[in-house]
Protein chains: 2
Amino acid sequence: MSRSARRAPATTPQAPSSGRPDPGEKRPDPGGGRTGVSRRGVRARLDILRAAGGLFAERGYRGAPLAAVAAEAGMTQPGLLHHFPSKEHLLMAVLAERDREARRRMRVVWDMGGRAALSALEDLVAHNAETRDLVQLFTVLAGESVSAEHPAHEFFTARYAQARERTRRVIERGQDRGEFRRDVDPAVVAALLLAVMDGLQIQWLLDEEVDMRAGFALLVDLLLRGLDETLSDADES
Amino acid sequence: MSRSARRAPATTPQAPSSGRPDPGEKRPDPGGGRTGVSRRGVRARLDILRAAGGLFAERGYRGAPLAAVAAEAGMTQPGLLHHFPSKEHLLMAVLAERDREARRRMRVVWDMGGRAALSALEDLVAHNAETRDLVQLFTVLAGESVSAEHPAHEFFTARYAQARERTRRVIERGQDRGEFRRDVDPAVVAALLLAVMDGLQIQWLLDEEVDMRAGFALLVDLLLRGLDETLSDADES
DNA sequence: GGGAAGACTGAGTGGACAGTAGGTTGTTGC
DNA sequence: GCAACAACCTACTGTCCACTCAGTCTTCCC
């Protein structure tokens, strides 16, 4: 009778790995046996995901009751649970959905390398400063999920590990091209870049006066100066 | 009959501003009327604050039931509520307590200026890497409290504002001494420094492999190079 | 247009949890 | 040692909330 006796909602963001069809993914052809999701259902799922994204961002996962999400989506709470078998499944679906959007934007950066990637990252930060909802969702949930038993803990652990890995490769590519000095650890630069983005987001969310763009631009400027291959003076005090 | 009809626990961290004596603050002399806190009570309060600090760090404020805190402190839940009239009061007391410790460490940095302060900050980061509990408490609660209606929202807003302001002055002092270039905004540098500390903490808490010290050292190195008064070449591409 | 599956609703259930009431035990100043 | 108050405890209340059940309405393929 324990709470976690039901089917676990899968730590990987893509799908709750249950027998149900992947939510939000419209099946192109139901085939023969009239099984799947109706057009109305697809719409309802999108409404729920949108509502959940907003409320989780505003109040956090634990602070947002399912009934509030359902009301925001224009239905009752059991109605919502028809589409997502549990609150945890809903959370993972929201993360998968929003993560897809975030990754699409990051791909622009990851596909480049060196200096170009850094200025693409600056553009991303500028874009983030316009989309408070998405930023707040990930910041609030990342903070909440530092606790080991939070349902999104493993999601964020994996997400950060991957982001660091890909960003590290971006820096390495810059080194390979001779744009950056080789005596700094690309992994450390990657962690630093991600840290600045997150840290500035927290401050910005708490106080809109904080200028994320200026802060990140300063870091990029410092990196471009400090990592410049041509200026490698060896002054180690 | 609303939940918030009871006495609000004060947004400033120092005291719940209620008629009760300031918790955790042993009254030096009860005077005449036999009013105050017994030696046993002082001990109990400290136990509760320690337990609450640990559990709030582990599970977050909303995720940690009062009964669990009480059990950890060796008493029942109503026993705990004898010392702290509500969970919210307890949270503010924990924050006040731990913040005092954190400020004491920051004072070393703030009392200095320029380069010396930056290396003092490095020491602080190194110290943080040894005290996971305190770091996790503030990281988890800061994330949770981004939501506007979180009880600690205003606490963290004020805390960050003050930290930025004091760090800004540290940078300004460096400029006044001629250690740093004057063409960078000290407020932006301050936000950047705090952002890196927070961002690295999140990554480190999710994955201990992340090297906070190396990340912060890199930033300081970049700052020392980039802000060096003597090397002010005016290459603005 | 009939029927089967999907998309719901209203009315619960059970458990977790913050806070209360009122009584009992411990401590301390006189 | 004895008031008086602090420091508890047991038992309870009210509420919130995730989730269930049993049924009704809607969609959509044939």
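Here is how names work: the chains are called A, B, and so on, in the same order as the sequence lines, proteins then strands, and each is numbered from 1. Please read these numbers as outputs of a predicted model, since none were measured by experiment.
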Open item on the list: Taking L134(B)'s backbone N and O only, do any of them form a donor-acceptor pair with T131(B)'s side chain (distance below 3.5 Å, no angle check)?
Closed with: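 Flag not set: sc T131(B) to bb L134(B) has no pair under 3.5 Å.
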Could you tell me how far apart [X] ([atom1]) and [N] ([atom2]) are, to the nearest whole angstrom?
X      : N       : atom1 : atom2 : value
Y61(A) : dC17(D) : OH    : P     : 13 Å
H83(B) : dG26(C) : NE2   : P     : 15 Å
F84(A) : dA7(C)  : CZ    : C1'   : 13 Å
I48(B) : dC8(D)  : CD1   : C1'   : 11 Å
R40(A) : dT26(D) : CZ    : P     : 7 Å
L81(A) : dC17(D) : CG    : P     : 14 Å

Task: Close side-chain approach of L80(A) to L90(A), heavy-atom, < 4.5 Å - done: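 L80(A) reaches L90(A) side chain to side chain.
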Open item on the list: Any carboxylate oxygen within less than 4.0 angstrom of a Lys/Arg side-chain nitrogen, looking at R98(B) and E101(B)?
Closed with: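 No, this pair does not count.
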Open item on the list: With a 4.0 Å cut-off on N to O distance, would you call E208(A) and R132(A) a salt bridge?
Closed with: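 Salt bridge present between E208(A) and R132(A).
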Open item on the list: So, does R39(B) get its side chain near the phosphate of dT27(C), meaning an N or O under 4.0 Å from OP1 or OP2?
Closed with: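 R39(B) to dT27(C) OP1/OP2: no side-chain N or O under 4.0 Å.
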Open item on the list: Can you tell me if R43(A) touches the phosphate of dA7(C), counting only side-chain N or O atoms and a distance under 4.0 Å to OP1 or OP2?
Closed with: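 No, because none of the side-chain N or O atoms of R43(A) sits under 4.0 Å from OP1 or OP2 of dA7(C).
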TODO: Record whether the side chain of Q77(A) comes under 3.5 Å of the base of dC19(D) through a donor-acceptor pair of N or O atoms.
DONE: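 Under the 3.5 Å cut-off, the side chain and the base do form a donor-acceptor pair.
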TODO: May I ask you to say what G79(A) touches in the nucleic acid, namely base, sugar-phosphate or nothing, with a heavy-atom cut-off under 4.0 Å?
DONE: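 Contact class for G79(A): base.
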Open item on the list: Any base atoms under 4.0 Å from P78(B), or only sugar-phosphate, or nothing? Heavy atoms, all strands.
Closed with: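 Since a base atom lies under 4.0 Å of P78(B), the category is base.
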- [ ] Calculate, to the nearest 0.5 Å, the distance between atoms CG and NE2 belonging to D47(B) and H83(B) respectively.
- [x]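 Separation between the atoms: 9.5 Å.
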Minimum-distance nucleotide to [X] side chain [options: [options]]:
X      : options                 : value
T76(A) : dG6(C), dG19(C), dT9(C) : dT9(C)
L66(A) : dA7(D), dC19(D), dC9(D) : dC19(D)
H82(A) : dA18(C), dA7(C), dC8(D) : dA7(C)

